[in-house]
Amino acid sequence: MNNVSIQHINKQYGEVIALKDITIEIKPGELFGLIGPDGAGKTTLFRILTTLILADSGTATVCGLDVVQGMKEIRKRVGYMPGRFSMYQDLTVEENLNFFATVFNTTVEENYDLIKDIYVQIEPFKKRRAGKLSGGMKQKLALCCALIHKPDILFLDEPTTGVDPVSRVEFWDMLDKLKAQGITIMVSTPYMDEASRCDWIALMKDGQCLTINTPDQIRKSFDKKLYAVRSENMYQLLQGLRQYPGTYSCYTFGDSNHLALKKGWEDISKVKDYLKEKGYTDVTIEPIEATIEDCFMNLGKEDQ
C-alpha cells in the first residue's frame with residue numbers, strides 16, 4: 001500500500017511553529033503538491049515523512065508503515081530529493097549513481113529502465129564531477145539517484161528552485177512519466193504556476209494548510225469578481241485601488257494589478273469613475289479568471 005497518511009502533525013522549534021495540525025491523505029499513484037513560500041513548513045513535513053526528524057505530536061504513515069516504528073523499512077522504500085543539492089560534488093555523475101545504487105543493495109543496470117529517459121540527458125557528462133554540472137543537470141542527477149532503488153514513493157523538496165524555466169518544464173514532464181509508471185510522488189514548490197501539474201495540492205502558509213483540493217476546484221472556489229487593471233504608473237495605481245472602498249484585495253501580478261471586489265461592489269463602472277476622479281486616464285480593466293496564486297493570496301487574507 002504505497003500511500004501517505006498524515007494525521008494532526010505538529011512541530012515547533014522554540015517559539016516558531018513549523019507545522020500546526022497538518023492532516024493530509026495521499027492515494028497510491030497520485031502526484032501531490034505542497035505549495036507555499038519559504039517558511040510554510042514544507043521541508044519540515046518532508047523530513048518527518050522521510051524519518052529524518054520526529055513530530056512533536058500527531059501520527060504519519062508512509063507505505064502503510066508508521067514513520068517512527070517503521071523507520072528502517074520506510075528508508076528502503078522511499079526516494080528523497082532534498083532542497084539542497086546533496087550529491088557528492090567531487091564524484092562524477094557515474095560514480096554518484098553507482099554509489100547510491102550500492103547503498104540500496106542494487107545496481108544501475110537492474111533499474112535502468114526507470115531512469116533511462118532522465119539519464120540519457122546527462123549521460124554525455126557522466127565523467128564530469130557533480131559539482132561542475134549546471135543547475136538543470138544537477139537536478140536530473142539527483143532525481144536519478146533518488147530513483148535508482150525503484151522506490152514506492154518519491155519525495156521531492158523544491159526540486160525546481162533556482163532552475164531555469166525550460167528545465168522546470170522538462171522536470172515536470174519527467175514527473176508525469178514517473179507517475180504513469182505507478183510511482184506516488186509528493187513534491188513541494190514555492191512556484192504557484194506549477195500547482196496545475198499536480199493531481200491534488202495543499203496550499204501552505206506559516207505551518208498551516210489553507211486548503212487541500214484539486215487545482216481546478218481551488219480556482220473555482222474563488223468567489224469574488226476579479227479584474228486585471230493596468231496603467232503607466234502601476235505602483236501609484238496599486239495604492240489608488242487599495243484606497244477604493246469596494247476593494248477586497250489588490251496585488252501586483254506581473255504587468256497588471258489583480259483587483260478583487262467586495263460583495264455588493266461588483267459594478268466595475270464605479271471603479272472606472274473612481275479612477276477617473278483620481279486622475280487616471282490611461283487605465284485598462286478586464287475581467288480575468290483566478291489563478292492559484294490569486295486563491296493563495298485570498299485564503300491567506302481570510303486566515304489573518
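Reckoned from all heavy atoms, side chains included, excluding hydrogens, waters and symmetry mates.
- Of the candidates Lys42, Arg168, Glu194, Thr189 forms a side chain to side chain donor-acceptor pair (under 3.5 Å) with just one, namely Glu194.
- Across Leu154, Leu31, Thr184, a single residue satisfies side-chain contact (heavy atoms from CB on, under 4.5 Å) together with Lys179, and that is Leu31.
- Taking 4.5 Å as the limit, some side-chain heavy atom of Ile48 sits within range of a side-chain heavy atom of Leu19.
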- request: Take Lys205 and Leu299 through the side chain to side chain contact (heavy atoms under 4.5 Å, CB included) test and state the conclusion after the steps.
  value: CA-CA 10 Å; Lys205 179 186 177 186; Leu299 288 165; over 6 Å; no
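- In terms of modelled atom types and a separation under 3.5 Å, the side chain of Arg128 and the main chain of Val93 share no donor-acceptor contact.
- For Arg129, the CZ atom counts as loosely surrounded, since its 6.0 Å shell holds 12 or fewer non-hydrogen atoms of other residues, nucleotides or ligands.
- Under the 4.5 Å side-chain criterion, counting only non-hydrogen atoms from C-beta, Glu110 is not in contact with Lys150.
- For the atom pair Leu275 CG and Ile285 CD1, the distance stands at 5.5 Å (nearest 0.5 Å).
- Between atom NZ of residue Lys20 and atom SG of residue Cys209 there is a gap of 12.5 Å, rounded to the nearest 0.5 Å.
- In terms of heavy atoms, Met186 sits closest to Phe46 at O-CZ, 3.5 Å.
- A side-chain N or O of Asp267 and one of Ser269 form a donor-acceptor pair less than 3.5 Å apart.
- Around the OH atom of Tyr235, the shell of radius 6.0 Å holds no more than 12 heavy atoms that belong to other residues, nucleotides or ligands.
- No single ILVMFWY cluster, assembled from side-chain heavy atoms under 4.5 Å apart, contains both Met71 and Ile153.
- Within the 3.5 Å criterion, the main-chain N or O of Lys263 finds no donor-acceptor partner in the side chain of Lys224.
- By the 30° and 60° cut-offs, the orientation of the rings of Phe253 relative to His258 is parallel.
- In plain terms, the two heavy atoms of Ala130 and Leu141 that are nearest each other are CB-CD2, 3.9 Å.
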task: With side chain to side chain contact (heavy atoms under 4.5 Å, CB included) as the test, would you mind laying out the steps for Ile22 and Met204 before giving the verdict?
output: CA-CA 10 Å; Ile22 303 296; Met204 294 188 68; 4.1 Å; yes
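- A side-chain donor-acceptor contact under 3.5 Å links Ser188 to the backbone of Glu158.
- Between Val4 and Phe32 the shortest side-chain heavy-atom distance does not fall below 4.5 Å.
- If you check the side chains of Thr61 and Asp66, you find no donor sitting under 3.5 Å from an acceptor.
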- prompt: Between Lys27 and Asp199, is a salt bridge (charged side-chain N to carboxylate O under 4.0 Å, His left out) present by the stated rule, with each step listed?
  reply: CA-CA 10 Å; Lys27 296 175 183 176; Asp199 298 320; over 6 Å; no
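- Using a 4.5 Å heavy-atom threshold, the side chains of Glu25 and Ser5 count as touching.
- Using modelled atom types, one side-chain atom of Gln139 and one backbone atom of Pro159 make a donor-acceptor pair closer than 3.5 Å.
- Nearest heavy atoms, Phe104 versus Lys76: CE2-CA, 4.4 Å.
- Side chain of Gln121 to backbone of Asp117: a donor-acceptor contact under 3.5 angstrom is found.
- Residues Phe125 and Lys132 have side chains not in contact (no heavy-atom distance under 4.5 Å, counting atoms from C-beta outward).
- Judged by distance alone, the side chain of Lys262 and the main-chain N or O of Pro245 form a donor-acceptor pair under 3.5 Å.
- Using modelled atom types, no side-chain atom of Asp282 and backbone atom of Ser231 make a donor-acceptor pair closer than 3.5 Å.
- The CD1 atom of Ile24 sits 4.5 Å away from atom CD1 of Ile6, with the distance rounded to the nearest 0.5 Å.
- Expressed to the nearest 0.5 Å, how far CE of Met234 lies from CG of Leu237 amounts to 6.0 Å.
- Taking both residues in full, the closest heavy atoms of His8 and Asp21 are given as ND1-OD1, 2.7 Å, listed atom of the first, atom of the second, then distance.
- Leu175 has its side chain out of reach of Arg197: every pair of non-hydrogen atoms, C-beta onward, lies at least 4.5 Å apart.
- Expressed to the nearest 0.5 Å, how far OG of Ser256 lies from OH of Tyr227 amounts to 14.5 Å.
- Using bins of under 30°, 30° to 60° and over 60° for the plane-to-plane angle, the ring pair Tyr274/Tyr244 lands in the tilted bin.
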- prompt: Under the side chain to side chain contact (heavy atoms under 4.5 Å, CB included) criterion, do Ile183 and Leu114 qualify, and how do the steps go?
  reply: CA-CA 10 Å; Ile183 296 176; Leu114 190 61; 3.8 Å; yes
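- A salt bridge is absent between Asp113 and Lys116; no separation between the charged side-chain nitrogens and carboxylate oxygens falls under 4.0 Å.
- Judged purely by atom type and a 3.5 angstrom limit, Asp176 has no side-chain atom pairing as donor or acceptor with the backbone of Asp173.
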message: Applying salt bridge (charged side-chain N to carboxylate O under 4.0 Å, His left out) to Glu286 and Arg230, what does each step give before you reach the verdict?
response: CA-CA 9 Å; Glu286 58 180 340; Arg230 301 179 183 87; 2.8 Å; yes
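- Applying the 6.0 Å contact sphere to CG of Asp223 captures more than 12 heavy atoms from other residues, nucleotides or ligands.
- The nearest pair of heavy atoms linking Gln236 to Tyr280 is O-OH, 2.7 Å.
- A donor-acceptor pair is defined here as one N or O able to donate and one able to accept, closer than 3.5 Å; no such pair exists between the side chain of Arg219 and the backbone of Glu289.
- Using a 4.5 Å heavy-atom threshold, the side chains of Leu143 and Lys140 count as separate.
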message: Between Tyr251 and Arg242, is the side chain to side chain contact (heavy atoms under 4.5 Å, CB included) condition met? List the steps.
response: CA-CA 9 Å; Tyr251 300 100; Arg242 285 180 170 174; 3.7 Å; yes
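- Looking at Glu94 and Lys127, their side chains come closer than 4.5 Å, going by heavy atoms from C-beta outward.
- The main-chain N or O of Tyr88 is found under 3.5 Å from a side-chain atom of Asn96 such that the two form a donor-acceptor pair.
- The two residues Thr51 and Val67 come nearest to each other via the heavy atoms CG2-O, 3.5 Å.
- Atom-to-atom distance recorded for Lys11:NZ and Ile53:CD1 is 5.0 Å, nearest 0.5 angstrom.
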